[in-house]
There are 2 protein chains.
Amino acid sequence: MNDMTIGQLAEAGGVGVETIRYYQRRGLLQVPETPPHQAHTRTVRRYNPNDLKTLQFIRSAQRAGFTLSQIEELLELDASQDRRRAREIAEERLAALDAEISALQKARHSLVKLSSACAEGPAGPCPILTAFDH
Amino acid sequence: MNDMTIGQLAEAGGVGVETIRYYQRRGLLQVPETPPHQAHTRTVRRYNPNDLKTLQFIRSAQRAGFTLSQIEELLELDASQDRRRAREIAEERLAALDAEISALQKARHSLVKLSSACAEGPAGPCPILTAFDH
DNA sequence: CTTGACTCCGTACCATGGTACAGACCCGAT
DNA sequence: ATCGGGTCTGTACCATGGTACGGAGTCAAG
């Protein structure tokens, strides 16, 4: 899959075409130049495996909880080779991630309790409102 | 803190007054009746500890990843005592939560690697774009 | 009985991350 | 040569979860 159209890129990245265009508008993906020898004629833009890598990075970074603005910065850092800042960002997110994970684990615990408290029979009171108390 | 004003409720719940009003508009919190003997005169509404419980539940459930619509349903279920549906919802969220937690743990792992890969020196290439590759 | 803080209600606005057009245009297959 | 599907650009719209504001009313303290 070398030299793709936007539709193929979208397909390969598991996103919609409109999402790619949105990332382009946000500056996360660059818009490939059309061949210069016919600058005034519009033509179909072509995407390469690097674009796909970037797209995949964007999606993974989102899953890691980065916002699109932060991802934008990460992409700039990748180009500018500012290790210090890159590490800073990564560690910030790491700390947040640890907090999020442990919050989710607490929530998980509460849900397990709730679901077993609601286990018997089809009806009757089960302690939904107090499910997360302590 | 019995019989609070909306400001005190907000304070106690760690949210803004506007957020409470928003939850009321969404139907997550009911708007307390004004005393009936002066129905046409507007008066200041009063909130009790039950309202606070509900508010705290809303915030906890959000932290557990429920949307406000789901929380609305949970609150209805708490009233209607439909255990079956309550368990269903809890288990659905539980499954999603497990997926989210493990995704975040994978992301965490990648970030740890990234931050240590960017550890030496202030500049130079570090593998941001490939940080989440496998 | 006025002042200042708070409340009420309606409506408008915001950020985030998309999603959906419309009206051209381009391009490969028939 | 033309037809259908994909592309291009710009702009509009969407859901979620709030946040802000204006103008009026209320209420407790001084």
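In what follows, every chain begins at residue 1, and chains take the letters A, B, ... in the order their sequences are listed.
The CD-P distance, from A:Glu11 to D:dG5, rounds to 17 Å in whole Å. Atom CD of B:Gln8 and atom P of D:dA28 are 12 Å apart (whole Å). Distance OH (B:Tyr47) to P (C:dC6): 16 Å, rounded to an integer number of Å. As a whole-Å value, the separation of B:Gln70 CD from D:dA15 P is 17 Å. For the pair B:Leu68 CG and D:dT16 C1', the interatomic distance rounds to 8 Å; values are reported in whole Å. In this structure, the CZ atom of B:Arg45 is 12 Å from the P atom of D:dT26, given to the nearest Å. Atom pair A:Ile6:CD1 and C:dC26:P shows a separation of 17 Å (rounding to whole Å applied). Rounded to an integer number of Å, the gap from B:Gln24 CD to D:dG18 P is 14 Å.
Rounding to the nearest 0.5 angstrom, the gap separating the NE2 atom in A:His109 from the CG atom in A:Leu104 is 14.5 Å.
In this structure, B:Phe132 and A:Phe66 have perpendicular ring planes: the angle between them is above 60°, well past the 30° mark.
Among the protein residues, B:Ser69 comes within range of no part of the nucleic acid, since none of its heavy atoms lies under 4.0 Å from any strand.
The side chain of A:Arg59 has C:dG18 as its nearest neighbour among C:dG17, C:dT7, C:dG18. When each of D:dT19, C:dT7, D:dG17 is scored by its nearest atom to the side-chain atoms of B:Thr5, the top-ranked nucleotide is C:dT7. In this structure, the nucleotide among C:dT19, D:dC21, D:dG18 sitting nearest to the side chain of B:Thr19 is D:dG18. Distances from the side chain of A:Val44 to the nucleotides D:dT7, D:dG10, C:dT11 place D:dT7 closest.
Close to C:dC8, at under 4.0 Å from its OP1 or OP2, lies a side-chain N or O of B:Arg21. Note on A:Thr43: every side-chain N or O is 4.0 Å or more away from OP1 and OP2 of C:dC25. Remark: B:Gln62 is in phosphate contact with D:dG18, judged by side-chain N or O atoms under 4.0 Å from OP1 or OP2.
In this structure, A:Asp51 and A:Leu9 approach most closely via the heavy-atom pair C-CD1, 4.2 Å.
Looking at which nucleotide of DNA chain C each of A:Tyr22 and B:Gly7 is closest to, the 5′-most match is held by B:Gly7. Between A:Arg25 and A:Arg46, the one whose closest nucleotide on DNA chain C sits nearer the 5' end is A:Arg25.
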Worked check of salt bridge (Lys or Arg N to Asp or Glu O under 4.0 Å) between B:Arg63 and A:Glu100: CA-CA 9 Å; B:Arg63 269 177 255 128; A:Glu100 284 165 37; over 6 Å; no
CA sep, side-chain torsions, deciding dist, call: B:Gln105, B:Ile101, side-chain contact (heavy atoms from CB on, under 4.5 Å): CA-CA 6 Å; B:Gln105 275 164 345; B:Ile101 288 172; 3.9 Å; yes
